[in-house]
Amino acid sequence: MKPASKFYRPPEAEKRVQRWWEEKGIYRKVREKGRGGKPWYFLDGPPYASGSIHLGTAWNKILKDVLLRYWTMRGLDVRRQPGWDCHGLPIEVMVEERLGLRSKKDIEREVGVERFIEECRRWALEHVRLMTDQFKSLGVWMDWEEPYLTLTNEYIEAAWWTLKRAHEKGLLRKDLRVIHWCPRCETALAEHEVRGEYYEVRDPSLYARFRLKGEEGYLLIWTTTPWTLPANLAVCVHPDLTYARVEVGGEVYLLAEGALPRVAKELGWREYRVVGRVEGRRLEGLRYEHPLLEEVPRQREFAEHHRVICGEHVVLEEGTGCVHTAPGFGEEDFLVGERYGLPAFSPVGPDGRFTEEGGKYAGLFVKEADPAVLEDLRGKGLLVKGGTVVHSYPHCWRCKTPLIFRATEQWFLRVSELKPLLLEKNREVEWIPSWVRERYVNGVLSVGDWCLSRQRYWGIPLPLWVCGSCGRSELVGSLEELRALTGEKGELDLHRSDLDRLRGRCPGCGGEMRRVPDVLDVWFDSSIASWASLGFPQRRELFERLWPSAFITEGEDQVTKWFYAQQVSSVLAFGKVPYRRVLTHGFALDAQGRKMSKSLGNVIDPVEVAREHGADVLRLYILSANPPWEDLKFNPTELRRVGRAVNVLWNVHVFATTYMSLDSFDPRRHPLEGLLPHLLPEDRWMLSRVQGLVEEATAGLEGGEVHRAARALLSFVLEDLSRWYVRAIRPRTWVEKEHPSKLAAYAVLYYALERLLRLLAPFAPHLAETMYADLRVDPSLPESVHLLDWPLPEDRLRDMRLERAMELARALTERVAEARQGAGLKLRWPVEEVVVRLQEGEAELLRGMEDFLKGRFNCKRLLLLGPGEEVPPGEYSTVEAEGRKVAVSRALSPELRGEALARELVRRLQVMRKEMGLGMEERVEAELGMGEEDARTLEPHLEYLRREVRIEGLRLCRREEVGKEGHVRDWEVEGETFRLLLRRRG
RNA sequence: GGGCCCGUAGCUUAGCAUGGUUAGAGCGCUCGGCUGAUAACCGGGAGGUCCUGGGUUCAAAUCCCAGCGGGCCCA
């Protein structure tokens with residue numbers, strides 16, 4: 001046994017452990033140990049490979065790591081491959097910044113697609129490396145050398161293979177759709193990319209009037225996007241609303257009656273008169289004159305469409321109830337337009353500028369067209385009011401440009417047709433906590449088709465090829481098929497850089513085929529991870545053995561993202577769900593419960609925390625702070641508290657290893673089994689508590705209630721081990737060598753620590769390893785704590801009755817302390833007698849524990865009474881609580897005083913020994929100067945003094961007689977001065 | 001606007017599925033103790049409208065309804 005070093009400084013200790021793991025190849029050995037066990041496929045949700053890790057990603061990986069380590073110790077053959085999401089717009093935007101590019105034109109003209117993609121790849125791989133190191137520093141054990149990357153050919157082929165299944169089932173369709181579009185990034189954005197990107201902005205608030213045809217008056221419309229008016233094709237009213245003809249200043253306006261008071265106020269109408277009312281549906285078909293016919297000549301072709309139509313989406317809360325409808329520029333406009341056969345006229349290009357079709361506005365950026373349109377309306381007398389309004393408007397999640405809505409042709413996965421199967425198969429998934437299922441189902445019910453195509457560069461190329469001659473399309477499902485189609489034989493990287501130059505030969509007409517230039521939405525990449533990461537379909541062996549994955553865990557935002565996307569792809573490819581069990585975890589917030597953001601300056605860097613407090617402390621804190629599925633409010637005070645708990649554990653460890661090595665205790669020579677007859681009640685209690693701890697920790701990890709496991713460990717260390725057991729056995733460690741009582745205490749303490757370490761190993765892997773290294777005396781034991789098995793509870797050591805008794809003993813000890821405090825009786829001073837009146841049956845429960853209690857109470861005699869019995873007369877300090885009474889005798893006999901005095905002196909001499917820097921076993925000579933009466937009182941306890949302070953050569957004398965050779969100090973004890981001298985011997 | 005989750009001492013939280021002690025801890029505060037586990041540690045005490053308002057019940061932190069505040073997601 002090695003005595004542990006006095007202090008434990010987690011950051012340095014952890015670095016040492018990590019280096020040692022590295023040198024000894026411990027991780028590899030742990031993986032090897034798992035082989036042959038039952039396969040357990042854990043799937044890592046791939047974090048985005050850009051930037052560095054934050055507290056949320058750290059939590060995510062720490063949670064995974066604890067479970068991975070636990071399953072491994074349970075003997076499972078755990079797959080623990082990390083994954084990285086490598087494609088997508090965020091990386092493109094950062095690379096654009098790095099290269100000083102501003103638009104797609106810049107990319108294509110200035111650096112070229114090939115170099116741009118190379119830079120993106122470099123960026124991604126750079127960050128994979130960076131983030132890998134950061135995760136490693138937190139003690140996360142995964143196959144860092146063999147991650148799955150969404151940018152490899154193999155992975156891309158898996159995506160193509162999956163798309164081919166969709167294509168075969170007719171679930172992949174090209175469709176004209178109005179979608180969010182970023183004019184800077186020049187790409188479509190999916191719904192989930194727009195989430196949370198609504199900001200307050202000031203926009204025009206424009207009221208315009210459209211002249212009615214075939215009757216007097218105007219339609220009054222309102223818009224915040226005047227630039228969309230050139231594409232206006234209809235005006236929409238709600239069929240069930242009442243519309244009013246309102247006369248103002250000699251003109252008649254048509255608008256919803258319910259909106260009239262508000263509109264009148266906004267337009268400053270003082271005097272107006274309702275001259276007629278009509279139901280919305282009766283307005284259908286009413287024709288009007290487009291306000292910008294001269295400016296936008298194309299509009300003349302649409303003159304037949306310029307009518308009032310009906311739609312349920314019209315609301316009274318804003319606008320006039322007459323909704324300007326531009327099917328090419330608005331999602332709802334488009335949908336209602338489809339019903340009326342309106343074309344999706346969209347005279348704006350990908351860069352947000354008007355095309356030739358925009359007539360007078362051609363070349364203008366949409367926002368620049370706003371004032372131009374306003375002026376044109378004013379010139380024609382069609383402007384009613386041009387003001388501004390502050391409202392919430394969507395922006396690009398990467399570059400923060402305000403988005404526009406544009407009708408474009410995109411490729412969709414028809415999720416709508418998969419929904420029934422999705423919902424049915426989802427029943428097989430176990431959701432933790434269970435209410436996430438409801439959330440998931442709601443998400444599926446409300447979701448639309450999945451827009452898969454992106455008009456960008458850094459992504460998995462859409463493997464769809466179209467013949468320029470006959471229009472035939474082919475979906476290429478693998479590299480092999482690509483070679484067959486294009487005749488390409490050389491090395492290929494399956495990104496746009498290589499693919500864009502290829503041409504195919506049409507199997508139908510022999511014409512030239514070109515690939516649709518789009519790339520895929522990155523969420524499609526990660527949605528196939530459960531098989532793509534196994535090398536499927538190129539390799540089938542792993543897939544057949546492992547798929548579907550047994551367990552995944554990610555943040556709650558992934559419910560409608562990764563959890564959802566995975567099910568879609570999997571159900572479409574295999575008709576099955578890709579995972580069996582999902583644990584959803586919360587978000588990392590600051591101590592006030594606010595989101596962490598750079599602008600608030602409240603971002604916590606987990607790597608920094610680990611560097612300062614230690615990764616284990618961070619891990620234990622995060623895991624114990626709250627249930628995984630609730631948000632973590634990161635609280636530095638609580639973090640430090642965990643740090644202190646770790647320190648207490650270390651102190652216990654120092655205590656144990658110091659004394660055990662001093663006594664050359666060897667658990668092999670003194671196994672617990674042989675010492676069973678010598679166990680005292682506190683020993684049997686400790687053994688029982690360990691079983692309870694094993695049970696709690698196991699249940700917590702099995703049920704996803706990781707916090708319960710972590711809390712059980714911490715509370716065991718503080719409450720049971722440190723504050724109770726170690727304190728109780730301390731006197732026993734001072735008795736002579738080889739005494740069975742001492743050996744029993746050692747054996748129990750060793751057992752408790754050994755079990756505790758194994759339970760602790762997944763949570764605090766470095767600390768457990770360090771402690772294990774000190775405790776491991778048997779070279780035949782595995783070299784690392786992580787090579788041990790998870791302990792199982794030993795029922796024969798469990799004694800619930802004893803645990804109850806000990807709980808009572810603890811409560812009584814606290815009461816005794818209270819009674820002593822009331823009478824000013826220090827705990828160190830023994831008292832003659834403690835009398836305890838108990839409740840029914842409790843005395844029975846405490847039978848056999850009298851000696852233990854006397855030790856805890858520090859009393860010479862103990863009297864346990866039943867409920868009806870009275871405390872005998874005498875001088876006592878008493879406390880009553882919970883139907884019990886504790887009485888502590890106050891009288892101090894000379895005998896007791898001597899003992900107390902001896903203890904006081906021992907304590908002070910120990911301090912002096914320490915001041916002299918003496919080792920625990922070194923012998924000393926002592927001279928103790930005091931009054932004659934004190935010397936007489938002390939007489940019977942000199943042997944005790946010699947033993948405790950390791951004195952050889954003790955002299956009692958008067959204070960003045962104490963010599964000067966040695967370490968001398970004066971002490972005040974109970975109002976009297978003592979002069980003590982210690983001298984090193986020999 | 002909709003769905004789901006959370007709201008308990010100054011702070012972090014247990015208890016809530018199955019209603020029934022005086023709502024239990026830790027931090028902080030305060031008073032005291034300990035000093036061969038000591039850059040620690042231990043004990044006592046003060047501190048609570050259990051978010052608000054209704055309802056069910058003999059009884060509500062716990063169940064139901066409405067509202068308020070926060071989070072995630074969807075519109």
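By convention in this document, chain letters (A, B, ...) are assigned in the order of the sequence lines, proteins followed by strands, and residues within each chain are numbered from 1. This is a predicted model, so every value here is computed, not measured.
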Checklist entry - Base, sugar-phosphate, or nothing for A/Ser722, non-hydrogen atoms under 4.0 angstrom? => result base

Item to check | Whole-Å distance separating the NE2 atom of A/His313 from the C1' atom of B/G2 | outcome: 19 Å

Checklist entry - Which whole-number value in Å describes the distance from A/Arg641 CZ to B/G28 C1'? => result 12 Å

Checklist entry - Taking only N and O in the side chain of A/Lys633, is any of them less than 4.0 Å away from OP1 or OP2 of B/U13? => result yes

Checklist entry - Could you state the CZ-P distance from A/Phe655 to B/C34, rounded to the nearest angstrom? => result 20 Å

Next on the checklist: Does anything in residues 619-628 of chain A form a salt bridge (charged side-chain N to carboxylate O under 4.0 Å, His left out)? List the pairs, not counting sequence neighbours.
Outcome noted: A/Asp65-A/Arg619

Next on the checklist: Among residues at least two apart in sequence or on other chains, which ones pass salt bridge (charged side-chain N to carboxylate O under 4.0 Å, His left out) with A/Glu14?
Outcome noted: none

Checklist entry - Of all heavy-atom pairs between A/Ile432 and A/Gly703, which one has the smallest distance, and what is that distance? => result CG2-O, 4.0 Å

Checklist entry - Taking the side chain of A/Asn635 as its heavy atoms from C-beta onward, which of B/C41, B/C5, B/U12 lies nearest to it? => result B/U12

Under 3.5 Å, which donor-acceptor pairs do the side chains of residues 639-646 of chain A form with other protein atoms, sequence neighbours left out?
from, atom 1, to, atom 2, distance (Å)
A/Arg641, NH1, A/Glu638, OE1, 2.7

Checklist entry - If we ignore angles and hydrogens, is there a donor and acceptor under 3.5 Å between the side chains of A/Asp774 and A/His653? => result yes

Checklist entry - Base, sugar-phosphate, or nothing: which does A/Glu438 touch, judged by heavy atoms less than 4.0 Å apart? => result sugar-phosphate

Checklist entry - Does A/Arg730 make a side-chain N or O approach to OP1 or OP2 of B/A37 shorter than 4.0 Å? => result yes

Item to check | Given A/Val834, A/Val886, A/Thr878, the one that forms side chain to side chain contact (heavy atoms under 4.5 Å, CB included) with A/Arg815 | outcome: A/Val886

Checklist entry - Between the side chains of A/Tyr8 and A/Asn647, does any donor sit under 3.5 Å from an acceptor? => result no

Checklist outcome for this item: Rounded to whole Å, CG of A/Asp631 lies from P of B/G7 at a distance of 12 Å

Next on the checklist: Quiz question: by atom type and distance under 3.5 Å, do the side chains of A/Asp449 and A/Ser416 form a donor-acceptor pair?
Outcome noted: yes

Item to check | Closest to the A/Tyr659 side chain, choosing from B/C5, B/A37, B/U35 | outcome: B/A37

Next on the checklist: Taking any heavy-atom pair under 4.0 Å as a contact, classify A/Val559: base, sugar-phosphate, or nothing.
Outcome noted: nothing

With the criterion being N/O to N/O and under 3.5 Å, what pairs connect the protein with nucleotides 44-46 of chain B, and how long is each?
from, atom 1, to, atom 2, distance (Å)
B/G44, OP1, A/Glu814, OE1, 3.1

Next on the checklist: Below 30° counts as parallel, above 60° as perpendicular, anything between as tilted: where do the rings of A/Tyr440 and A/Tyr564 land?
Outcome noted: tilted

Item to check | Atom-to-atom span, NE2 of A/His653 to P of B/U38 - whole angstrom | outcome: 12 Å

Checklist entry - Between A/Tyr8 (OH) and B/U38 (P), how many Å, whole number? => result 16 Å

Checklist entry - Out of B/C73, B/G28, B/A39, which nucleotide sits closest to the side chain of A/Lys561? => result B/C73

Which pairs, protein N/O on one side and nucleotides 14-22 of chain B N/O on the other, fall under 3.5 Å?
from, atom 1, to, atom 2, distance (Å)
B/G15, OP1, A/Arg708, NH2, 2.9

Item to check | Modelled atom types, side-chain donor and acceptor of A/Asp557 and A/Trp562, under 3.5 Å | outcome: no

Checklist entry - Could you state the CZ-P distance from A/Arg640 to B/G26, rounded to the nearest angstrom? => result 19 Å

Next on the checklist: Quiz question: going by heavy-atom distance under 3.5 Å, is there a donor-acceptor pair between the base of B/C72 and the side chain of A/Arg439?
Outcome noted: yes

Next on the checklist: Give me each pair satisfying salt bridge (charged side-chain N to carboxylate O under 4.0 Å, His left out) with a member in residues 706-722 of chain A, each pair once, sequence neighbours excluded.
Outcome noted: A/Arg689-A/Asp720, A/Glu705-A/Arg708, A/Glu719-A/Arg723, A/Glu719-A/Arg810, A/Asp720-A/Arg810

Item to check | Value in whole Å for how far the P atom of B/U13 lies from CG of A/Leu639 | outcome: 14 Å

Checklist outcome for this item: Which of B/G71, B/G26, B/A40 is nearest the side chain of A/Glu638? It is B/G26

Checklist entry - When we call it a touch if two heavy atoms are under 4.0 Å apart, what does A/Val648 touch: a base, just sugar-phosphate, or nothing? => result base

Item to check | Side chain of A/Phe7 (C-beta onward), nearest among B/A37, B/A39, B/U35 | outcome: B/A39

Checklist outcome for this item: By nearest-nucleotide position on RNA chain B, the 5'-leaning member of A/Leu718 and A/Gln558 is A/Leu718

